[in-house]
Amino acid sequence: MSITNQEIARILYEIGEYLDMQGVAFKPRAYEKAAETIESLQEETTDIYKRGGLKAVEDIPGVGVSIAEKIEELIKTGRLKYYDGLKKKTPVDLSELTAVEGLGPRKIKLLYQKLGVKNLKDLERVAKTGKISKLEGFGVKSEENILKGIEFVKKSGGRFILGFVMPEIRMIENRLRALRGIKRAEAAGSVRRRKETIGDADILVVIESKPPAFAKATAGKVMDYFVSMPEVVRVFAHGETKSAVKLKNGMDVDVRVLPEESYGAALNYFTGSKDHNIALRQLAVKKRYKLSEYGLFDGKKQIAGRTEEEIYRALGLDYIEPEMREMTGELEAAQKHTLPKLIGYKDLKGDLQVQTKWTDGSNSIEEMAEAAMAKGLEYVAITDHTKRLAMTGGLDDKRIQKQWEEIDGLNDKWQMANRKFRVLKSTECDILKDGSLDLSDEILAKLDVVGVSVHSNFNLSKREQTERVKRAMKNPNVDIIFHPTGRLIQRRESYEVDMGELIKTAKETGTVMEIDAFPDRLDLKDQHIRMCVDLGVKMTIDSDAHAVNHFDVLEFGVAQARRGWAKREDIINAWPLEKMLGFLKKW
DNA sequence: GCCGTTTTCGGCCCGACTGTTTTCAGTCG
């Protein structure tokens, strides 16, 4: 069993946090950096090691001799003595405790030493009995905040951010598909509806049903294979047609084997949403049919069920995409044939939020552009941070002009080589507390695209926050509001802001609202997207990429847009470059 | 612990906010 990049990264992150606890300087950041890089590597580190040994591992940026040796030990033995030693000294559940907003390594150490807090349960106990407020460095307020933080963690607990677990789900789907006798394997449920977070994954499998004996043997083999996959840590059920396991990452996965003639009905049933299914069954009853996971029946006779399409058709409905099955009007629209044609997963032509090495990205402008090209995109906007975000080395008026030279050089190069690709001069400019911007108007006016966003003063009143963003929108240079609500899924609620008013203002000012596709942002939320669609406010789906492989997240932005009923016409970066720029210029 | 088109040793990591403070530590982006 070989260790994954994610697992290596987790251990390196934790080492960084342990060192931070001890007050060690600089090393924590070094481990963190190494973890970040490894997390976003294309190739598995174990493969890199197999291919080129310790030397090749040292070539990973941010990994030097010391960390490379630790990775080697992890690969060879599955353990790391250094990490075990740190863990023994302060045996706390770091991932659980750091998930509480406002708790970092230092406070966790104090809580462990003074109150023996090892995990979330301990933390809640001592917070509820008022012990934390009496601790030096803590007070009533921080105790309150910890309790609030715990509630938030608990509420989001047990769910997984779709974009972060999707690779693992796809890997399992693909492995099952590769087995002999398997015709289909597909995750249903909230995975298929592309919800922001999922509780578990239900994978449906169809096998060749020809000789029944062969089918039965195949089903058995699928089940045996599934429960013995390397990442399985617990088997809840291991039956003939259904098995359920828990994976190393904590996620539960079910597999069901189905006959082909029921596949559509089962897919529909297991995809949900529950309310959507109930409504479909009621509709079936009205037509004197019966709908179950085995099919649509008229008496004993199955009249549909092999595909979802034929079920919807038999019920007098247009086909409803899984992302719309949330009972927000999709059935009525399907009856009246007014469902929108949703933006497709391959429709994006550009990406209007991309960070590079100039600030907190990991790759150069050229590397990011090449990666975008490889993804089939035709343009990207380079949107490095501005000086207010000092920790990223944010650009000021001067440095951003330096960046333009590099961009001009690349565009010239591709033009000469007859490659159809364009890098746009852009920014992720900070909206300051009063709604003014972090770059001068003179500079902003020279950019191809101006994106702005809130990164500070999250705690303004709703009125102040709304006015702040509105002021930015009214600046004629501003084109796009990036991640408009500022929420981080499972970590931080949105700041207080009147989204209805912002979207209305966007309509008046021609401002584009972003759908940030990063899996823990997905910001706008689906209901805001729907508001934009209804009002005719345009949107952009951006990766917010900080590394070359981050363009993969665009699909989750498209999913979010589809959940908000967005069409291709609603999304400006699904348009050709000239049309997109023309639109921005007009406003 | 990492890194070098200023450097192989001496730099990295800046500013705001919060809650606890009476001059600052911890956290976050």
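Labels below follow one simple rule: chain letters A, B, ... track the order of the sequence lines, proteins then strands, and each chain is numbered from 1. No hydrogens, no waters, no symmetry mates; every other heavy atom, side chains included, goes into these values.
- Atom CD in A/Glu101 sits roughly 13 Å away from atom C1' in B/dG26 (whole-Å rounding).
- Residue A/Asn457 is classed as a sugar-phosphate contact, given heavy-atom separations below 4.0 Å to backbone atoms only.
- Taking the side chain as every heavy atom from C-beta outward, A/Leu522 and A/Ile515 never approach each other to under 4.5 Å.
- Checked by atom type and distance alone, the side chain of A/Asp430 never pairs as donor or acceptor with a backbone atom of A/Leu432 at under 3.5 Å.
- Across residues 19-37 of chain A, A/Phe26, A/Lys27, A/Ala30, A/Tyr31 each have a non-hydrogen atom less than 4.0 Å from an atom of DNA chain B (numbered order).
- Between A/Pro105 and A/Arg388, the residue whose closest nucleotide on DNA chain B is further toward the 5' end is A/Arg388.
- Rounded to whole angstrom, the span from the NZ atom of A/Lys357 across to the P atom of B/dC3 amounts to 11 Å.
- Among the protein residues, A/Val140 comes within range of the sugar-phosphate backbone only, with heavy atoms under 4.0 Å from sugar or phosphate atoms but none that close to a base.
- Separation of the C1' atoms belonging to B/dT27 and B/dT20 is 13 Å when rounded to the nearest angstrom.
- Partner assigned to B/dT8 is none, using Watson-Crick or G-U wobble distances below 3.5 angstrom.
- Regarding A/Asp430, its CG atom lies at a distance of 10 Å from the C1' atom of B/dG29, rounded to whole Å.
- Figure legend: cation-pi geometry between A/Lys87 and A/Tyr18 absent, as NZ or CZ is not positioned both under 6.0 Å from the six-membered ring centre and within 45° of its axis.
- As rounded to whole Å, 15 Å separates atom P of B/dC14 from atom CG of A/Asp360.
- Taking atom NZ on A/Lys148 and atom P on B/dG19, their separation rounds to 8 Å, with Å as the unit.
- Rounded to whole Å, the separation between the P atoms of B/dT6 and B/dC2 comes to 23 Å.
- At B/dT20, one or more side-chain N or O atoms of A/Ser142 fall inside 4.0 Å of OP1 or OP2 (strictly under the cut-off).
- For residues 440-487 of chain A, the pairs satisfying ring pair (Phe, Tyr, Trp, His ring centres under 6.0 Å) are A/His385-A/His455, A/His455-A/His483, A/Phe458-A/Tyr495, with sequence neighbours left out.
- A gap of 14 Å separates the C1' atoms of B/dG1 and B/dT8, to the nearest Å.
- For A/Lys141, counting side-chain heavy atoms from C-beta on, the closest listed nucleotide (B/dA16, B/dG26, B/dG19) is B/dG19.
- A/Ile198 is listed as a side-chain neighbour of A/Ile169, based on a closest heavy-atom distance under 4.5 Å.
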Given side chain to side chain donor-acceptor pair (under 3.5 Å), test A/Asp438 with A/Thr386 step by step and report yes or no. CA-CA 6 Å; A/Asp438 203 19; A/Thr386 53; 2.9 Å; yes
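- Side chain of A/Ile67, nearest nucleotide from B/dG26, B/dA16, B/dG1: B/dG1.
- Both tests hold for A/Lys70 against A/Tyr82: distance to the six-membered ring centre under 6.0 Å, angle to the ring axis within 45°.
- For B/dG26 and B/dC13, the C1' atoms lie 15 Å apart once the distance is rounded to whole Å.
- The environment of A/Gln415 atom CD is sparse: at most 12 non-hydrogen atoms of other residues, nucleotides or ligands sit within 6.0 angstrom.
- Nucleic acid contact for A/Leu488: sugar-phosphate only, since backbone atoms but no base atoms lie under 4.0 Å from a heavy atom of the residue.
- B/dA16 and B/dT21 are spaced 24 Å apart, taking the P atom of each and rounding to whole Å.
- Using a cut-off of 4.0 Å between Lys/Arg side-chain N and Asp/Glu carboxylate O, A/Glu501 and A/Arg463 are scored as salt-bridged.
- The stretch residues 78-99 of chain A has no heavy atom under 4.0 angstrom from DNA chain B at all.
- Residue A/Asn145 contributes atom CG, which lies 12 Å from atom P of B/dC28 at whole-angstrom precision.
- Residue-level contact check: A/Lys387 touches neither bases nor backbone, having no heavy atom under 4.0 Å from any strand.
- Atom NZ in A/Lys70 sits about 12 Å away from atom C1' in B/dC2, given to the nearest Å.
- Atom name P, nucleotides B/dT7 and B/dC12: the rounded distance is 15 Å, in whole Å.
- Closest to the side chain of A/Ser66, from the set B/dG1, B/dG29, B/dT27, is B/dG1.
- Between the OH atom of A/Tyr495 and the P atom of B/dG29 there is a distance of 13 Å, rounded to whole Å.
- Between B/dG11 and B/dA25, the distance separating the two C1' atoms is 24 Å to the nearest Å.
- Of the possible donor and acceptor atoms, one in the side chain of A/Gln560 sits under 3.5 Å from a partner among the backbone N and O of A/Leu524.
- Checking A/Glu143 against A/Leu389, the closest nucleotide of DNA chain B that is more toward the 5' end is the one next to A/Glu143.
- When side chains are defined from C-beta on, A/His546 counts as touching A/Asp544, because their heavy atoms get closer than 4.5 Å.
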